Amino acid sequence: MNQPASPLPPLLLYSRDGCCLCQGLEERLRALLPPPPLQVVNVDHDPELQARYGLEVPLLAVLRQGQPQLLPRVGPRLGGEGLQRWLRKCLAELPSPPASA
């Protein structure tokens with residue numbers, strides 16, 4: 001018997017205004033059932049983020065001990081159950097965060 005999947009952790013989506021790839025990924029993430037908690041971070045509103053990620057968006061990250069940990073790049077056509085499986089696989093493969101002192 002299939003058990004319901006545990007909810008996905010909160011995700012950060014690094015994005016830019018007018019980026020069709022960013023908008024598409026946001027729409028696909030919000031369409032997941034259940035949708036993960038999602039915070040969209042516009043890199044153009046922060047000079048440090050813009051310098052670091054401006055040409056790399058869209059990027060997904062998960063917060064681990066208060067720090068964003070980037071996930072691999074999402075394929076632009078990945079959606080629905082495929083996106084859900086990809087997210088779970090990426091999250092499972094992340095190294096464990098260091099123990100806090």
Side-chain angles (χ1 to χ4, degrees):
M1 168 181 353
N2 285 344
Q3 294 183 352
S6 59
L8 291 167
L11 299 173
L12 298 174
L13 172 60
Y14 292 103
S15 181
R16 297 183 80 178
D17 288 331
C19 171
C20 62
L21 292 175
C22 300
Q23 292 167 347
L25 180 54
E26 181 179 356
E27 289 170 6
R28 292 185 319 233
L29 288 166
R30 293 194 188 279
L32 295 176
L33 295 175
L38 183 64
Q39 178 184 354
V40 179
V41 177
N42 187 325
V43 300
D44 290 333
H45 296 169
D46 180 323
E48 183 181 326
L49 291 177
Q50 208 287 326
R52 186 180 307 160
Y53 303 129
L55 299 176
E56 301 297 319
V57 296
L59 291 172
L60 268 180
V62 62
L63 284 178
R64 308 278 306 263
Q65 295 186 337
Q67 296 298 315
Q69 190 167 1
L70 290 176
L71 298 177
R73 187 166 295 284
V74 182
R77 292 194 173 107
L78 197 56
E81 287 183 25
L83 179 56
Q84 187 97 297
R85 280 191 304 273
W86 179 88
L87 278 168
R88 291 194 184 287
K89 180 178 183 275
C90 289
L91 292 168
E93 292 174 353
L94 284 176
S96 297
S100 32

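What you are looking at is a predicted structure, and each value in this text was computed from that prediction instead of being measured. Starting from 1, each residue takes its place in the sequence as its number.
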Visitor: Not counting sequence neighbours, which residues clear side-chain contact (heavy atoms from CB on, under 4.5 Å) with Pro10? List them please.
Guide: Pro37
Visitor: To the nearest 0.5 angstrom, please state how far the CG atom of Leu25 sits from the SG atom of Cys20.
Guide: 11.5 Å
Visitor: With sequence neighbours left out, which residue pairs that include part of residues 54-82 fulfil the ring pair (Phe, Tyr, Trp, His ring centres under 6.0 Å) condition?
Guide: none
Visitor: Using the test side-chain contact (heavy atoms from CB on, under 4.5 Å), find all partners of Pro35 that sit at least two apart in sequence or belong to another chain.
Guide: none
Visitor: Taking only residues two or more places apart in sequence or in another chain, which ones pass side-chain hydrogen bond (donor to acceptor under 3.5 Å, both in side chains) with Arg16?
Guide: Asp44
Visitor: If the condition is side-chain contact (heavy atoms from CB on, under 4.5 Å), which residues does Leu21 pass it with, not counting sequence neighbours?
Guide: Cys19, Pro58, Pro76
Visitor: Kindly work out whether a path of hydrophobic side-chain contacts (I/L/V/M/F/W/Y, heavy atoms less than 4.5 Å apart) joins Val43 to Leu38.
Guide: no
Visitor: Tell me every residue that passes side-chain contact (heavy atoms from CB on, under 4.5 Å) with Pro9, counting only those two or more places apart in sequence or in another chain.
Guide: Val62, Leu91
Visitor: Would you check, one step at a time, whether the test side-chain contact (heavy atoms from CB on, under 4.5 Å) holds for Leu29 with Val74?
Guide: CA-CA 11 Å; Leu29 288 166; Val74 182; over 6 Å; no
Visitor: Identify the two heavy atoms, one from Pro36 and one from Leu11, that lie closest to each other, and give their separation to 0.1 Å.
Guide: CG-CD1, 3.9 Å
Visitor: Would Val57 end up clustered with Val40 when hydrophobic side chains under 4.5 Å apart are linked, directly or stepwise?
Guide: no
Visitor: Answer whether the closest heavy-atom distance between the side chains of Asn42 and Ser15 falls below 4.5 Å.
Guide: no
Visitor: Nearest 0.5 Å please: distance from the NZ atom of Lys89 over to the CG atom of Leu94.
Guide: 11.0 Å
Visitor: Mind checking what makes side-chain hydrogen bond (donor to acceptor under 3.5 Å, both in side chains) contact with Glu26, not counting sequence neighbours?
Guide: Arg30
Visitor: Shared ILVMFWY cluster between Leu13 and Leu83, side chains joined below 4.5 angstrom?
Guide: yes
Visitor: For Glu27, check salt bridge (Lys or Arg N to Asp or Glu O under 4.0 Å) against everything at least two apart and list the hits.
Guide: none
Visitor: Between Asp46 and Val41, is there a side-chain heavy-atom distance shorter than 4.5 Å?
Guide: no
Visitor: Would you list the pairs meeting ring pair (Phe, Tyr, Trp, His ring centres under 6.0 Å) in which at least one residue belongs to residues 71-96, sequence neighbours left out?
Guide: none
Visitor: Are Leu71 and Leu12 connected, step by step, through hydrophobic side chains (Ile, Leu, Val, Met, Phe, Trp, Tyr) whose heavy atoms are closer than 4.5 Å?
Guide: no
Visitor: Roughly how far, to the nearest 0.5 Å, is CD of Gln69 from CG of Leu60?
Guide: 13.0 Å
Visitor: May I have all residue pairs that pass side-chain hydrogen bond (donor to acceptor under 3.5 Å, both in side chains) and include part of residues 72-82, sequence neighbours excluded?
Guide: Glu56-Arg73
Visitor: With a 4.5 Å limit on heavy-atom distance, are the side chains of Gln84 and Leu33 in contact?
Guide: no
Visitor: Once ring pair (Phe, Tyr, Trp, His ring centres under 6.0 Å) is applied, what residue pairs with a partner in residues 13-68 remain, sequence neighbours excluded?
Guide: Tyr14-Tyr53
